[in-house]
Each structure stands twice: as C-alpha cells, then as structure tokens.
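The block underneath contains the structure these notes are about, expressed in structure tokens.
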There are 2 protein chains.
Amino acid sequence: MATRTAEERRRAEREAYDAYLASCPARQVLDRISDKWVSLVLNALGDGPLRYSGLSRRIAGVSQKMLTQTLRNLERDGLVSRTLTPSVPVRVDYALTPLGESLLPIMHAAKTWAETHIQEIHAAQSTYDQNPPRP
Amino acid sequence: MATRTAEERRRAEREAYDAYLASCPARQVLDRISDKWVSLVLNALGDGPLRYSGLSRRIAGVSQKMLTQTLRNLERDGLVSRTLTPSVPVRVDYALTPLGESLLPIMHAAKTWAETHIQEIHAAQSTYDQNPPRP
DNA sequence: CAGCATCCACCCTGATACTG
DNA sequence: CAGTATCAGGGTGGATGCTG
C-alpha cells in the first residue's frame with residue numbers, strides 16, 4: 001500500500017488546492033474580469049447602456065457566440081442587466097448594474113497601473129531577451 | 001470584387017481589434033495577473049523571498065513545469081528576481097522586485113472587492129439559475 | 001535541488017449555418 | 001434584430017522521464 005502513498009498524497013494536495021482555488025473569491029473575480037471580452041463589454045457599457053448590435057459594433061472583433069456567451073455570464077453574475085423590448089423587431093438593451101459599476105474602479109486601477117508600469121515591463125523583457133539566462 | 005467586401009471588412013476589423021488588444025497595456029497586465037499561478041506566486045513571494053522548493057511546497061498544487069514557466073515569465077517581466085547560489089547542491093532564491101511589489105496593491109484591491117461582493121455574485125447566480133431566462 | 005523535454009487530453013475559441 | 005446549434009482547430013496545462 002505504501003507504494004501509492006506518495007502518488008495519492010500528491011493527488012490529495014492537488015484536490016485540496018483546487019478546492020481552495022475554486023472557493024477563493026479573489027480567484028473567481030480575477031478569472032472573470034481577466035476574460036478578454038468581459039473587460040471590453042464592461043468598458044463599453046461603462047459609457048452607458050447599449051443594444052446588442054451596439055455592443056457588436058462597439059467591440060467589432062467579437063463573434064456573436066462570444067458576445068452572447070459573455071453577456072449571459074455577466075447577466076448571471078448580476079453585473080449586467082438585460083432589458084427586452086417586445087417590439088418588431090425585438091430590441092434588447094444591456095446596461096451595467098450597480099454591482100457591475102462597482103467593478104469599474106478596480107478595472108481602472110489595473111489600467112492605471114498598467115499604463116504606469118508597462119514600459120518597465122517592456123524594458124525588462126528586452127533586457128531579458130537580449131541576455132538569455134540559458135544560452 | 002464587391003462580393004468580398006463584407007467578408008474582408010470583417011477580417012480587417014478583427015485584425016485591427018487584435019492589434020488593439022495586443023497593444024493595450026491594461027490587457028497585457030490583466031492577462032498576466034489573472035494567470036492562475038502568477039497570482040499565487042506573487043502572493044507567496046509577498047511574504048518574503050523563497051527558494052524553488054519553498055515555492056513548490058507553499059503552493060503545493062503546482063506542477064514543476066507550471067512553476068518554472070511562471071517564474072520564468074515573471075523574471076522576464078521584471079516582477080521577480082532570481083538569485084542563484086552555486087553551492088552543492090545549487091540553491092536558487094526568488095524574490096519580488098520593486099516592480100513586482102508595486103503590483104501587490106492592485107491584487108489586494110481586487111481581493112478586497114472580491115471579498116466584499118462575492119456574495120452578491122453568488123446570490124445573483126442562484127437567482128438566475130433558479131429562474132432560467134431561457135426555458 | 002532545480003530544472004528541461006516530450007507527449008497528450010482537454011477546453012476554449014471561432015467559423016458556419018440556421019431561427020423567431 | 002438578436003440570437004441558437006454544431007463542429008473543427010489551437011493553445012494550455014498536466015503527467016512522465018531524464019539531467020547537472
């Protein structure tokens with residue numbers, strides 16, 4: 001039995017960690033806002049409500065599938081509201097909820113840090129690349 | 001020729017957007033810190049320098065491949081320093097650079113927001129799931 | 001101790017076609 | 001207009017085996 005101990009302990013560690021990670025609020029939120037389209041949609045809606053087609057135009061590079069998927073998730077998370085107007089043709093408006101708006105400052109802080117320090121990062125990368133630690 | 005216009009305009013839009021996204025500092029930084037292991041490594045090093053084995057133990061669930069890869073990227077970005085002591089056996093210490101430390105407040109802000117609002121998100125999810133908009 | 005190289009399974013993404 | 005359904009490809013991460 002002892003032969004499996006090491007292997008199983010590893011598994012146990014992994015599982016425990018996975019559980020820890022899965023339940024970590026910071027991770028959950030980071031995973032969400034780091035999504036390529038999520039950040040773009042939140043930013044777009046930060047300027048005010050938009051219709052589906054409006055978002056599609058505003059973000060341009062997004063496929064319908066991804067836009068819809070992103071909006072569904074954001075709606076599910078309570079960050080975005082979806083308002084359907086049963087006219088002909090139908091009209092759907094998306095807007096940030098208060099919860100969604102409360103996330104904007106974080107995104108903005110990240111943006112600010114990025115703009116402040118991105119040059120240092122690029123410089124570090126250049127140095128690193130020109131002086132490869134492993135020849 | 002006109003038949004290809006729409007399709008090509010789409011491509012152009014996508015490419016332009018890809019370029020925009022790729023050059024967007026906020027995106028670059030978000031992509032990095034949102035990495036599963038990056039955030040854990042930065043957090044671990046936030047308490048002080050650690051050796052490779054120390055990190056491995058501290059983070060537990062990480063594979064060597066991912067830990068090494070993560071550390072290389074962080075080193076390349078100038079967020080983490082790598083100090084090799086040529087003893088027998090070799091010893092390698094990792095620590096946050098000033099640049100790396102300047103990132104901690106952002107992570108902390110995200111963490112704080114997460115802890116403050118995660119319940120609202122969970123609540124919204126429950127509501128959404130129990131009342132499926134699309135039957 | 002601190003890695004590197006390889007292979008593989010999975011998920012995410014995007015393209016495409018169709019609908020109320 | 002605002003989606004849904006389906007399928008194929010690529011990138012990501014993990015397990016494994018080997019080195020200075």
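Below, read A as the first sequence line, B as the second, and so on, with proteins coming before strands; counting in each chain starts at 1. Worth saying up front: this structure is predicted, and the values here are computed from it rather than measured.
- If you take CG of B/Asn73 and P of C/dG3, they are 14 Å apart, rounded to a whole angstrom.
- Side-chain nitrogen and oxygen atoms of A/Arg51 include at least one within less than 4.0 Å of the OP1 or OP2 phosphate oxygen of D/dA2.
- D/dA2 atom C1' lies 20 Å from atom CZ of A/Arg58, rounded to whole Å.
- Between A/Met66 and A/Pro89, the one whose closest nucleotide on DNA chain C sits nearer the 5' end is A/Met66.
- Within the 3.5 Å criterion, the main-chain N or O of A/Pro89 finds a donor-acceptor partner in the side chain of A/Ser87.
- In this structure, A/Arg72 atom CZ and D/dA2 atom C1' are separated by 9 Å, rounded to whole Å.
- Using a 4.0 Å cut-off between charged side-chain N and carboxylate O, A/Asp31 and B/Lys36 make no salt bridge.
- Phosphate contact (OP1/OP2 of C/dA2, side-chain N/O of B/Ser56, threshold under 4.0 Å): absent.
- A donor-acceptor pair shorter than 3.5 Å can be found between the side chains of A/Tyr52 and A/Thr68.
- The CG-C1' distance, from A/Leu84 to D/dA2, rounds to 9 Å in whole Å.
- Neither OP1 nor OP2 of D/dA2 sits under 4.0 Å from any side-chain N or O of A/Arg91.
- Of the side-chain N and O atoms in B/Ser53, one or more sit less than 4.0 angstrom from OP1 or OP2 of C/dA2.
- If you check D/dG3, C/dG20, C/dA2 against the side chain of A/Val92, the one that comes closest is D/dG3.
- Taking the charged nitrogens against the carboxylate oxygens, B/Arg82 and B/Asp93 have no contact shorter than 4.0 Å, which rules out a salt bridge.
- Between C/dG3, D/dG13, D/dC1, one nucleotide has an atom nearer to the side chain of B/Asp35 than all others, and that is D/dG13.
- Of the candidate nucleotides D/dA15, C/dG3, D/dG3, C/dG3 has the atom nearest to the side chain of B/Thr68.
- In this entry the distance linking CD of B/Glu75 with P of C/dA2 reads 15 Å, nearest Å.
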Taking distance alone, no hydrogens or angles, what donor-acceptor pairs closer than 3.5 Å link side-chain atoms of residues 97-111 of chain A to residues at least two apart or in another chain?
residue	atom	partner	partner atom	Å
A/Thr97	OG1	A/Gly78	O	2.6
A/Thr97	OG1	A/Leu79	O	3.2
A/Thr97	OG1	A/Leu99	N	3.4
A/Thr97	OG1	A/Gly100	N	3.1
A/Ser102	OG	A/Leu99	O	2.6
A/Ser102	OG	B/Trp113	NE1	3.2

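- If you find the closest nucleotide of DNA chain C to B/Lys65 and to B/Gly54, the one lying nearer the 5' end belongs to B/Gly54.
- Atoms CD (A/Gln69) and P (D/dT4) sit 11 Å apart, rounded to a whole Å.
- Proximity of B/Trp37 to the phosphate of D/dT12: no side-chain N or O atom is located under 4.0 Å from OP1 or OP2.
- Note: CG (B/Leu71) to C1' (D/dG13) measures 16 Å, nearest angstrom.
- At C/dA2, none of the side-chain N or O atoms of B/Arg82 fall inside 4.0 Å of OP1 or OP2 (strictly under the cut-off).
- Here the C1' atom of nucleotide C/dA2 and the OH atom of B/Tyr94 are 8 Å apart, to the nearest Å.
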